[in-house]
Amino acid sequence: MAQFQAVKGAKDIFPEEVVRWHYIEGVIRSVTSLYGFSEVRTPVFEYTELFQRGIGSSTDIVGKEMFTFLPDPNGRSITLRPEMTAGVMRAFLQKNPGAGVPVHKLYYIADLFRKERPQAGRQRQFTQFGAELLGVSSPAAVAEVISMMMQVFDTLGLHGLRLRVNSLGDHEDRMRYREQLRSYLEPYHDLLDEASRERFEKNPLRILDSKNPAVQEIVAGAPKLLDCITIEGRAEFDRVLGYLSDRGIAYEVDHLLVRGLDYYGHTAFEVVSAELGAQDAIGGGGRYDALSKELGSNSEIPAVGFAVGMERLIITMEKQGLFATLCPHGPQVFVVLQDASLEDEALRIADRLRRAGITTETDLAGRSMKAQMREANRLLAGFALFVGQDEVASGSYTLRNLRTSEQLSLSIDAIPGVLLESSKP
RNA sequence: GUGAUUGUAGCUCAGCUGGUUAGAGCGCCAGGUUGUGGCCCUGGAGGUCGGGGGUUCGAGUCCCCUCAUUCACCCCA
């Protein structure tokens, strides 16, 4: 047992896996650029009030999951970001104070921190890929954002994901619905579990997405949030659905979908993967028109966005065998030296090959030739180049093709050409 | 925060109702091939059995505490 291990809920990512991240990040960068989104990077910490105001102090995230600290005795409380939307909006408002807001399209791939108990698909430090469309939140804008998210999944080859959408209406709609839901649940009050009873007082909407089967049964007959929405709101939601159908994006309207963050309103959505176990949401998002004012802007900036959990994405892709094509490639050549006295010569040759643009490795540990050859094989090197007394004396080096086992004797000057030629597809 | 689970070699794991020097596979190193890999054969190195305490003639095995892991609740990506 090592004396130190990674902090609970934090993971090391080694090269074999980093390859996967690079691949996914590449797809994200290309798809987002197709939609005209540009990357934004914001600080990993923010003043704590930003999250209290933005996410809402009644949420679990703010209530009990934040890594918060005081930088110095008289300083302001600071928190490691538990999500990106509040920070991106803050950055945007800081850069564009009070300006008439044109459309801005931003995306990010960022590390976040939440002090939860780790479990499958949940870590204390995790990464989200997300996008924020600021300045419009029209049905077309909502559809655009959902469409981009789905295109990323699609390009990665994911299948069997379910997109659930719902409309949370505006604030008044929700207040109205809240009362309807309360009066519906009233007679069942004693049948509800403890958590649901508490929500009955504080935030009855959260009872809708309870995992407790008994509660789900009760909730199944509850009035629908969608039915409390104004005609205009309902029409907008239908237009979003129309755009999705139009683009061939499958969805299901889920009346029980309520997102946990306070700033969401109107359209909300979530994508779940059957491969994930209990934490099955791979991504989610919605409209958050109210956030800008909550953060002190004097004009409301309509906005839509989503976030996708990178680790959950990777788990799902792994389960679906989508990394199979990602084959590792070794160095083009491994320089094998006969004995330690030739180290200088071997390093000179390696240096020369690298300057010629050839990926080259050599033994740095003074190991036997057999061990060096095994290493070359393990690394998936294309060739082995032998550096021995004979070669140095004659100036003619032995180059062995490790795939075909063919060997050639070549002058150093001829080697780069042969290697470059052989690595062409 | 709550519940359960697991913790033996670098890795994946065996170790029956407590009984002498703790095992396997893979990996690693060396040799079989004194200048050559992948397959095969032989040998070798490597373990405070998570940590602490207790019961016992005797504990990897039983009890308590503790730390860590994993999964679930909660919540969310």
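Labels below follow one simple rule: chain letters A, B, ... track the order of the sequence lines, proteins then strands, and each chain is numbered from 1.
- Between the side chains of A:R162 and A:Y251, no donor-acceptor pair is found at a separation under 3.5 Å.
- Within the nucleic acid shown, A:G121 comes within 4.0 Å of at least one base atom, counting heavy atoms only.
- Between the P atom of B:U36 and the CG atom of A:L399 lies a distance of 17 Å, rounded to the nearest Å.
- Between the C1' atom of B:C76 and the OH atom of A:Y263 lies a distance of 11 Å, rounded to the nearest Å.
- To the nearest whole angstrom, the two C1' atoms, one in B:A9 and one in B:C28, are 12 Å apart.
- With no hydrogens or angles considered, a side-chain donor-acceptor pair links A:Y288 and A:E132 at under 3.5 Å.
- Nucleotides B:U61 and B:U55, compared at atom C1', are 14 Å apart to the nearest Å.
- For the 3.5 Å distance criterion, the side chains of A:R400 and A:Q407 qualify, holding a donor opposite an acceptor.
- Under 4.0 angstrom from either OP1 or OP2 of B:G37 there lies no side-chain N or O belonging to A:S405.
- Rounded to whole Å, the distance from CD on A:Q119 to P on B:A4 is 16 Å.
- When rounded to the nearest whole Å, the span between CG of A:D209 and C1' of B:A77 equals 15 Å.
- Residue A:Q407 places a side-chain atom within donor-acceptor reach of the base of B:U36, judged by atom type and a 3.5 Å distance cut-off alone.
- Between A:R117 and the phosphate of B:C71, there is no side-chain N or O to OP1/OP2 separation shorter than 4.0 Å.
- Taking atom CD of residue A:Q123 and atom P of nucleotide B:C71, one finds them 10 Å apart after rounding to whole Å.
- We find that CG of A:D280 is positioned 14 Å from C1' of B:C73, with the value rounded to whole Å.
- A:D390 comes within 4.0 angstrom of a base, heavy atoms only.
- A:A381 comes within 4.0 angstrom of no nucleic acid atom, judged by non-hydrogen atoms across all strands.
- The separation of B:G25 from B:C62, taken at their P atoms, amounts to 27 Å, rounded to a whole angstrom.
- Residue contacts for A:L402: at a heavy-atom cut-off of 4.0 Å it reaches a base atom on one of the strands shown.
- Here the side chain of A:Q338 is nearest to one of B:C76, B:C74, B:G35, namely B:G35.
- Side-chain contact annotation: A:E83 with A:Q128, donor-acceptor N/O pair under 3.5 Å absent.
- Each of A:P118 and A:R124 has a nearest nucleotide on RNA chain B; the 5'-most of these lies closest to A:P118.
- The base of B:C28 is not paired with the side chain of A:R367 by any donor and acceptor separated by under 3.5 Å.
- Spacing of P atoms, B:G7 relative to B:U2, comes out at 23 Å, to the nearest Å.
- Comparing B:A14 with B:U33, their C1' atoms are spaced 36 Å from each other, to the whole Å.
- Per the stacking criterion (ring centres < 5.5 Å, plane angle < 30°), A:F386 does not stack onto the base of B:G35.
- Nearest to the side chain of A:A371, among B:U36, B:A30, B:A72, sits B:A30.
- At a cut-off of 3.5 angstrom, counting only N and O atoms as typed in the model, there is no donor on one side facing an acceptor on the other between the side-chain of A:R378 and the base of B:G38.
- Whole-Å rounding puts the A:I61 CD1 to B:C74 C1' distance at 13 Å.
- Regarding contacts with the backbone of B:U70, a side-chain N or O of A:K11 is found under 4.0 angstrom from either OP1 or OP2.
- Distance noted for atom P between B:U5 and B:U42: 42 Å (whole Å).
- Contact of A:N377 with B:G37 (side chain to base): a donor-acceptor pair of N or O atoms is detected under 3.5 Å.
- Close to B:U69, at under 4.0 Å from its OP1 or OP2, lies a side-chain N or O of A:K8.
- The side chain of A:Q279 contributes an N or O atom lying less than 4.0 Å from OP1 or OP2 of B:C73.
- Taking atom C1' in both B:U21 and B:U17, one finds a spacing of 24 Å when rounded to whole Å.
- In terms of heavy atoms, A:V142 sits closest to A:S137 at CG2-O, 3.8 Å.
- Within the 4.0 Å cut-off from OP1 or OP2 of B:C29, at least one side-chain nitrogen or oxygen of A:R374 is found.
- Comparing B:A22 with B:A45, their P atoms sit 14 Å apart, to the nearest whole Å.
- You'll find a donor-acceptor pair under 3.5 Å spanning the side chain of A:E391 and the base of B:G35, going by distance alone.
- With no hydrogens or angles considered, no side-chain donor-acceptor pair links A:E236 and A:H266 at under 3.5 Å.
- When both pairing distances are held under 3.5 Å, B:A24 makes a Watson-Crick or G-U pair with B:U12.
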| said: Apply side-chain contact (heavy atoms from CB on, under 4.5 Å) to residues A:M310 and A:F126 and explain how you reach the verdict. | reply: CA-CA 8 Å; A:M310 291 288 281; A:F126 62 104; over 6 Å; no
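- No engagement by A:A376 is indicated, since no non-hydrogen atom pair under 4.0 Å with the nucleic acid exists.
- The distance between atom CZ of A:R122 and atom C1' of B:G1, rounded to the nearest whole Å, is 11 Å.
- Side-chain contact, A:D111 with A:T127: a donor N or O sits under 3.5 Å from an acceptor N or O.
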